[in-house]
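All remarks here apply to the structure that follows.
Side chains are part of it too, since the values below use all heavy atoms of this structure and drop only hydrogens, waters and symmetry mates.
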Amino acid sequence: MKIIWILWIPLLVQSKSLMFQPMDCADIYNDSVWTSGVYLVYPAGPNSGRYVYCDMQTDGGKWTVFQRRMDGTVNFFRGWDQYKKGFGHAAGEHWIGLETIHQLTLKKNYELRIDMEDFDGKKVYATYSSFGISPKAVNAELDGYRLHVDGFKNGGAGDSLSYHNGSKFTTFDKDQDLNDGNCAVICTGAYWYNSCYFSNPNGLYTWGVDSLLGLTWRSFKAFKSLKSFSMMIRPVNLT
């Protein structure tokens, strides 16, 4: 009997871990894991596993980070396929992928938080109570992974995103903005450009050198280069 119990207990633990397939960081948090770090989530079912960074401390935690800049180690001037699929490393600078963001926002209602820091050490943020990427489109890519954002609340950063609401995503090899030129080429980035931007979080990382092409949030520092920037989402209860 003792031998049977020794063999059986590990199998039970392993079975439980395999069955738990969190869709986002909120699911992980609700399973009593409250430490920030990299975790495996499944935004679109069992075969969609990918690593994401979970912020479990900021304003109650449960945040799934989908964009992060911190040191300029990752090149963000990339084409459509890479912005669709994602690139970088979840523990550092990365973009989670437009399709993954879309899959997440299909299944839950999300809020957005944007945190940033300048090279003088000043930290500010902005939140939006509603965020989605083509949430009602049958084919999100054909819809241009269109941005839907609303409900701005100021945390010192000001609002440099509402101008982009309703915009399709543009890269240097897929022009979907309202400018006569290609804003991704003009601004050396990729984003939900309008004509062209009030914010350019995927622009060049210029290590403090101010530039129209850089990582900027105009309502905070105009065209002054920022040191760090992150965008993250968590589910909201609309009841």
Side-chain angles (χ1 to χ4, degrees), residues 24-26 28-29 34-39 52-72 74 76 88 90-96 98 100-101 104-105 108-133 147-167 169 187 189-194 197-208 210 214-238:
D24 57 16
C25 295
I28 294 172
Y29 185 97
W34 304 319
T35 302
S36 296
V38 177
Y39 296 91
V52 300
Y53 188 85
C54 297
D55 182 331
M56 301 303 201
Q57 270 76 50
T58 302
D59 189 26
K62 303 185 181 183
W63 298 101
T64 301
V65 178
F66 71 81
Q67 187 265 15
R68 186 161 62 162
R69 313 288 299 275
M70 58 176 62
D71 52 22
V74 173
F76 274 66
E93 295 198 327
H94 69 281
W95 173 265
I96 198 175
L98 289 163
T100 297
I101 302 171
L104 287 169
T105 59
K108 297 180 182 180
N109 296 304
Y110 282 90
E111 63 179 320
L112 169 70
R113 179 178 171 115
I114 301 173
D115 287 272
M116 62 199 78
E117 180 183 4
D118 66 16
F119 279 89
D120 295 322
K122 184 176 182 180
K123 298 179 180 181
V124 295
Y125 68 92
T127 62
Y128 297 83
S129 60
S130 178
F131 172 83
I133 303 298
L147 174 67
H148 291 265
V149 65
D150 195 13
F152 164 72
K153 184 176 180 180
N154 198 5
D159 181 12
S160 286
L161 187 60
S162 293
Y163 171 75
H164 299 269
N165 184 42
S167 297
F169 202 88
C187 305
Y191 195 46
W192 294 283
Y193 290 116
N194 188 325
Y197 77 82
F198 273 32
S199 53
N200 194 34
N202 297 326
L204 291 179
Y205 194 92
T206 61
W207 291 274
D210 299 339
L215 164 54
T216 56
W217 185 267
R218 288 175 60 181
S219 58
F220 173 41
K221 286 287 183 176
F223 294 107
K224 290 184 178 294
S225 175
L226 298 178
K227 180 181 180 180
S228 65
F229 195 97
S230 66
M231 306 176 79
M232 52 191 185
I233 56 176
R234 70 178 174 190
V236 293
N237 186 346
L238 298 184

**Q.** Salt-bridge criterion met for Asp118 and Lys224 (N-O under 4.0 Å)
**A.** no
Using a 3.5 Å distance criterion without hydrogens, assess whether the side chain of [X] forms a donor-acceptor pair with backbone atoms of [Y].
X: Asn194; Y: Tyr163; result: yes
X: Ser225; Y: Gly214; result: no
X: Asn165; Y: Val149; result: yes
X: Ser129; Y: Glu111; result: no
X: Glu93; Y: Gly88; result: no

Given side chains that start at C-beta, do those of [X] and [Y] come closer than 4.5 Å, heavy atoms only?
X: Ile96; Y: Val65; answer: no
X: Cys25; Y: Val52; answer: yes
X: Met232; Y: Thr58; answer: yes

Q) Less than 6.0 Å separating the ring centroids of Phe66 and Phe131? A) yes
(Q) I'd like to know whether Lys123 forms a side chain to side chain contact (heavy atoms under 4.5 Å, CB included) with Asp115, so could you lay out the CA-CA distance, the side-chain angles of the two residues, the decisive distance to 0.1 Å, and finally the verdict. (A) CA-CA 7 Å; Lys123 298 179 180 181; Asp115 287 272; over 6 Å; no
**Q.** Pair Val74-Trp95, side chain to side chain contact (heavy atoms under 4.5 Å, CB included): steps then yes or no
**A.** CA-CA 10 Å; Val74 173; Trp95 173 265; over 6 Å; no
Once you round to the nearest 0.5 Å, how far does [atom1] of [X] lie from [atom2] of [Y]?
X: Leu147; Y: Phe169; atom1: CG; atom2: CZ; answer: 10.0 Å
X: Leu161; Y: Ile114; atom1: CG; atom2: CD1; answer: 5.0 Å
X: Arg113; Y: Lys153; atom1: CZ; atom2: NZ; answer: 10.0 Å
X: Ser230; Y: Tyr125; atom1: OG; atom2: OH; answer: 13.0 Å
X: Trp217; Y: Asp159; atom1: CH2; atom2: CG; answer: 6.5 Å
X: Phe229; Y: Asn200; atom1: CZ; atom2: CG; answer: 9.5 Å

Q) Would Arg69 count as a cation-pi partner of Tyr205, with NZ or CZ less than 6.0 Å from the six-membered ring centre and within 45° of the ring normal? A)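 Arg69 over Tyr205 ring: no.
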Q: May I ask you to check whether Asp24 and Tyr110 show a side-chain donor-acceptor distance below 3.5 Å?
A: yes
Q. Is it the case that more than 12 heavy atoms not belonging to Lys221 sit under 6.0 Å from its NZ atom?
A.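 Counting other residues, nucleotides and ligands, NZ of Lys221 exceeds 12 neighbours.
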Q. In this structure, are over 12 heavy atoms from other groups packed under 6.0 Å from Trp207 atom CH2?
A. yes
Q. Which is it for Arg234 and Asp55 under the side chain to side chain contact (heavy atoms under 4.5 Å, CB included) test, yes or no, and what are the steps along the way?
A. CA-CA 10 Å; Arg234 70 178 174 190; Asp55 182 331; over 6 Å; no
Minimum heavy-atom distance [X]-[Y], with the two atoms named:
X: Gly158; Y: Tyr128; answer: O-OH, 4.5 Å
X: Thr105; Y: Ile133; answer: OG1-N, 3.4 Å
X: Ser36; Y: Met56; answer: OG-N, 2.9 Å

Q: Check the pair Leu215 / Phe76 against side chain to side chain contact (heavy atoms under 4.5 Å, CB included), numbers first and verdict last.
A: CA-CA 10 Å; Leu215 164 54; Phe76 274 66; over 6 Å; no
Q) Who passes ring pair (Phe, Tyr, Trp, His ring centres under 6.0 Å) against Tyr191, sequence neighbours left out? A)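 Residues passing ring pair (Phe, Tyr, Trp, His ring centres under 6.0 Å) with Tyr191: His164, Tyr193.
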